[in-house]
Amino acid sequence: MKTRNSIIPHDYRPGRERFLAEVLDGLRKPQKELPSKYFYDERGADLFERICSLEEYYIPRTEASIMQANIAVMVELIGPRVLLIEYGCGDCKKVRFLLDHLHDPVAFVPIDISRGQLERVAQELASDYTTLEVLPLCADYTSSFEVPHPERGFSRKVVYFPGSTIGNFDPIPARQFLERIAGVLGPEGALLIGVDLKKDVTLLHSAYNDSQCVTAAFNLNLLERINREFNCDFQIDSFRHYALYNPKENRVEMHLVSQRQQTVHLGNAAIHFARGESIWTESSYKYNPDEFQQMAVTSGLRVERVWTDAREWFSVQYLVAADELTQTR
Ligand code: AVI
């Protein structure tokens with residue numbers, strides 16, 4: 001949607017009521033939890049940008065090095081005049097590298113839940129890439145929405161999903177999400193996705209427990225956001241960030257641990273915390289390439305190429321629609 005001076009995103013954001021219902025639902029479970037998608041209000045999006053520039057958080061620079069080393073082959077596989085869609089585009093820094101190399105991309109649909117940032121970056125992209133139609137969409141990208149249609153015809157849809165955000169889904173939702181992407185892409189489309197790989201636990205530990213405590217601030221901001229938006233009374237100082245690798249489940253888990261026995265009030269609800277009790281706020285699954293390939297195939301997608309860095313910390317993978325016969329549902 002375009003007005004004279006600005007690009008207005010199509011808006012499918014979850015409303016306040018749904019946010020509140022999901023918070024209450026999560027805090028009433030025996031293992032309390034909060035959905036990680038709510039990290040990304042304006043402050044959360046800023047803190048995540050800061051995480052991405054930390055030395056310990058290896059993902060952005062490792063992924064960027066893989067993209068740089070292999071971009072010629074990637075754009076050859078993707079082909080010209082595509083409709084590019086990015087799920088969870090954030091500040092759109094990563095996609096610029098791809099846009100700089102693609103052959104005459106027709107349109108770009110950046111999708112993100114953080115509306116202020118999305119409006120800003122869509123505007124910047126539209127003025128930097130003058131032949132590209134920028135069609136921002138503000139949504140929780142795990143929900144249903146319609147991909148906007150560009151004015152010019154395009155050859156195929158390509159979804160870009162970098163940063164290993166797929167790792168933030170539990171295995172069954174991850175498979176369902178890939179299935180949904182396969183549906184958006186249709187038989188001709190392609191998915192370029194970043195997938196974090198299993199690695200030394202000490203590296204994971206420092207990546208999610210950085211020395212400047214930016215990840216801790218990012219995690220705690222979720223409680224601050226709930227306080228701000230629902231007039232809730234979380235005592236932020238009485239919760240501590242805690243992240244650990246769970247080798248049995250192949251995931252980093254982030255928690256907020258109550259430092260004392262306390263009661264928090266949210267609307268009419270009173271939520272009790274024992275000392276040491278945690279709220280589970282995020283999982284970040286780590287795969288090996290075979291495991292990811294297996295999951296993709298059951299979602300209607302086939303991994304055609306996998307690129308990794310020399311230390312095999314991270315992978316960028318190119319997927320297309322699986323042939324009917326190879327799908328093992
Ligand atoms: C967005 N996502 C891939 C990040 C991750 O590594 O799971 C979010 C994050 N959480 C803590 N640090 C970064």
Side-chain angles (χ1 to χ4, degrees), residues 1 9-14 18 22 35-37 74 77-90 92 94-95 98 102 105-113 118 133-195 283 285 287 289 291-306 315-329:
M1 208 184 300
H10 294 254
D11 205 331
Y12 293 85
R13 258 177 311 174
R18 166 131 167 252
E22 289 189 52
S36 60
K37 66 183 174 199
M74 290 176 185
L77 286 167
I78 291 172
R81 296 187 318 281
V82 295
L83 166 58
L84 185 68
I85 305 163
E86 182 176 0
Y87 285 54
C89 61
C92 279
K94 290 179 188 161
V95 80
L98 190 55
L102 282 175
V106 165
F108 176 50
V109 179
I111 307 175
D112 208 277
I113 199 166
L118 182 66
E133 193 177 349
V134 181
L135 299 162
L137 206 153
C138 190
D140 160 11
Y141 52 77
T142 59
S143 64
S144 320
F145 50 80
E146 249 183 70
V147 175
H149 286 284
E151 283 167 15
R152 270 167 77 202
F154 57 92
S155 57
R156 66 197 304 217
K157 287 183 195 155
V158 174
V159 167
Y160 183 45
F161 195 40
S164 201
T165 304
I166 191 67
N168 296 133
F169 292 75
D170 285 327
I172 292 172
R175 200 183 62 73
Q176 290 165 340
F177 181 63
L178 290 176
E179 217 168 69
R180 188 189 280 259
I181 293 182
V184 168
L185 293 175
E188 308 295 335
L191 166 65
L192 189 65
I193 185 169
V195 182
S283 297
Y285 286 82
Y287 290 91
E291 287 165 348
F292 189 75
Q293 185 167 341
Q294 200 50 43
M295 182 165 77
V297 107
T298 59
S299 316
L301 292 166
R302 177 166 54 81
V303 178
E304 201 160 283
R305 292 293 293 265
V306 179
S315 67
V316 178
Q317 312 204 12
Y318 177 78
L319 286 79
V320 292
D323 315 327
E324 292 294 317
L325 289 176
T326 59
Q327 291 181 37
T328 51
R329 277 166 201 273

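Quick caveat: nothing in here was measured; it's all calculated off a predicted structure.
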#### Entry: Test side chain to side chain donor-acceptor pair (under 3.5 Å) applied to Thr142 - qualifying residues, sequence neighbours left out
Asp140
### Query
From Ile166 CD1 over to Phe292 CZ, what is the distance, rounded to the nearest 0.5 angstrom?
5.5 Å
### Task
For Ala296, enumerate each residue passing the side chain to side chain contact (heavy atoms under 4.5 Å, CB included) test, keeping only those at least two apart in sequence or located in another chain.
Leu301, Val303, Leu319
### Task
For Phe161 and Phe169, work out which heavy atoms get closest and say how close.
CZ-CE1, 4.2 Å
### Summary
In this structure, CG of Leu178 is separated from CE of Met295 (nearest 0.5 Å) by 5.0 Å
### Query
Under the ring-ring contact (aromatic ring centres under 6.0 Å, His included) test, which residues partner Phe108, sequence neighbours left out?
none
### Query
side-chain hydrogen bond (donor to acceptor under 3.5 Å, both in side chains): which pairs involve residues 151-161, sequence neighbours left out?
Asp104-Arg152, Arg156-Tyr318
### Query
Where does the angle between the aromatic ring planes of Phe177 and Tyr141 fall among parallel (under 30°), tilted (30 to 60°) and perpendicular (over 60°)?
tilted
### Message
Within this structure, what is the CG-CG distance for the pair Leu84 and Leu135, rounded to the nearest 0.5 Å?
### Response
11.5 Å
#### Entry: Value rounded to 0.5 Å, distance of NE2 in His149 from CZ in Phe154
7.0 Å
### Query
Considering only heavy atoms from C-beta outward, does the side chain of Val159 approach that of Leu191 to under 4.5 Å?
yes
### Task
Determine the minimum heavy-atom distance between Ala182 and Ser299, stating which atoms define it.
CB-O, 3.7 Å
### Query
Roughly how far, to the nearest 0.5 Å, is the CD1 atom of Ile78 from the CG atom of Leu192?
5.0 Å
### Query
Mind checking what makes side chain to side chain donor-acceptor pair (under 3.5 Å) contact with Glu304, not counting sequence neighbours?
Arg302
### Query
Among Val147, Leu137, Ile111, whose side-chain contact (heavy atoms from CB on, under 4.5 Å) with His10 holds?
Leu137
### Summary
Glu291 meets the salt bridge (charged side-chain N to carboxylate O under 4.0 Å, His left out) criterion, sequence neighbours left out, with Lys198
